[in-house]
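Below: the structure, in structure tokens.
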2 protein chains.
Amino acid sequence: MPNMNDAKWTETLSFRLSTLGVLVADQYAEALAVHDLKPKHVGLLEVLGSGLAGSQLEIAKLMRVAPSLVVSLADHLESMGAIERLRDPADRRRQILSLTSEGRDLLAECTAKALVLDAKVAAELTSSQHAALSEALGRLAASYGLPVRK
Amino acid sequence: MPNMNDAKWTETLSFRLSTLGVLVADQYAEALAVHDLKPKHVGLLEVLGSGLAGSQLEIAKLMRVAPSLVVSLADHLESMGAIERLRDPADRRRQILSLTSEGRDLLAECTAKALVLDAKVAAELTSSQHAALSEALGRLAASYGLPVRK
DNA sequence: TATTGTTATACTCTATAACTATA
DNA sequence: TATAGTTATAGAGTATAACAATA
């Protein structure tokens, strides 16, 4: 009799967490397409909205992303009028990025889309399951030091 | 006073689920690197192990992946000696894939890696949180019809 | 020289389309 | 003519490395 490895991979927490995560990420990306944005654009808006970073290099570190990627994300958002680039007068190498009022509105709309997705997830669960999921994910997010989308 | 959009994106379920999912997926990919495998290789092994599909086209449909990708995944696994390709005698266009005993061992090792990851996730949670997360993810996986990694 | 932002280039993953062999 | 598998090609997304301006 051959060995029976019945600890099925597809039933592990890791598998489900990563598969569902990718699935939700894809759905979110799809929901953003109408705004001509990718999730990382929203990540950048969120960083600016939270005031955690100003210069592009700081943003790159916070988002755990290459500085060159911040350039193209910012280029796109700037061309949409969602953000502004301002040379730092104190150090003219630095570009200080900030949300325009259009950018603030856009961020609010994107957050609303995420809440719609949340509602769809919630619809599959009892309210106590939902609360437990939310709490567990919150705990994990904190322990992994999750500030920004990777 | 400017509008205050304090429904923060980074605190939505969608954000946390997708971010944590990607994070765990990356960690799993890293854990597999020592075997020279990607998560989708393991997905293919799992499909063969579960006996749900034989021909490459059936596998592609089950994995929701392009048939051409199955070719390269199978090429790699075959070159490692983890699977065998056999022409279907009844229809010589079809290749029937099957696990070798090395392939079965490899699958078991990869499942073990996932269980290690599970343990790391579990370590961040109380046992009741862990149970709640597991149940909620199981429910979601079922409702999204999740068979195989996407 | 060191640092910020930018541009040029390359790499990974995956899909689509063209092709071969069987049916 | 249609189908299973394969090969060739292309695109998205992102990183690394080379470069320009400023410190």
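The figures that follow rest on heavy atoms only: side chains count, while hydrogens, waters and symmetry mates do not. Proteins come first, then strands; the chains are lettered A, B, ... in the order of their sequence lines, and each starts at number 1. The structure presented is a predicted model; accordingly, all values stated were derived computationally and were not measured.
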Report yes if the side chains of L106(A) and H41(A) come closer than 4.5 Å at any heavy-atom pair, otherwise no.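 Not in contact.
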Indicate yes or no: at least one non-hydrogen side-chain atom of E58(B) is less than 4.5 angstrom from one of K61(B).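 A side-chain contact under 4.5 Å is absent here.
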Proximal nucleotide (of [options]) relative to the [X] side chain:
{"X": "P67(B)", "options": "dG5(C), dT6(D), dT14(D)", "value": "dT6(D)"}
{"X": "Q95(A)", "options": "dG5(C), dT6(D), dA15(C)", "value": "dG5(C)"}
{"X": "R93(A)", "options": "dA23(D), dT14(C), dG13(D)", "value": "dA23(D)"}

Report the residue from R93(B), R87(B), R94(B) that forms a salt bridge (Lys or Arg N to Asp or Glu O under 4.0 Å) with D91(B). R93(B)
Integer-rounded Å distance: [N] [atom2] and [X] [atom1]:
{"X": "L69(A)", "N": "dT9(C)", "atom1": "CG", "atom2": "C1'", "result": "15 Å"}
{"X": "R87(A)", "N": "dG5(C)", "atom1": "CZ", "atom2": "C1'", "result": "7 Å"}
{"X": "R94(B)", "N": "dT20(C)", "atom1": "CZ", "atom2": "C1'", "result": "18 Å"}
{"X": "L57(A)", "N": "dT4(C)", "atom1": "CG", "atom2": "P", "result": "5 Å"}
{"X": "Q56(A)", "N": "dA21(D)", "atom1": "CD", "atom2": "P", "result": "17 Å"}
{"X": "L86(B)", "N": "dA4(D)", "atom1": "CG", "atom2": "P", "result": "18 Å"}
{"X": "E78(A)", "N": "dG5(C)", "atom1": "CD", "atom2": "C1'", "result": "13 Å"}
{"X": "D26(A)", "N": "dA12(D)", "atom1": "CG", "atom2": "P", "result": "16 Å"}

Can you tell me whether the side chain of R92(B) and the base of dT22(C) have a donor-acceptor pair closer than 3.5 Å? no
Between the base of dT14(C) and the side chain of S68(B), is there any donor-acceptor pair under 3.5 Å? no
Would you check if there is a donor-acceptor pair between the side chains of R85(A) and Q56(A) at a distance under 3.5 Å? yes
If you look at every strand shown and take non-hydrogen atoms under 4.0 Å, does [X] touch a base, only sugar-phosphate, or nothing?
{"X": "R85(B)", "value": "sugar-phosphate"}
{"X": "S72(A)", "value": "nothing"}
{"X": "D88(B)", "value": "nothing"}

Under 4.0 Å between a side-chain N or O of K38(A) and OP1 or OP2 of dG13(D)? yes
Between L73(A) and P89(A), name the one whose nearest nucleotide on DNA chain D is closer to the 5' end.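 Between the two, 5'-proximity favours L73(A).
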In Å and rounded to the nearest 0.5 Å, what is the CG to NZ distance from L44(B) to K38(B)? 14.5 Å
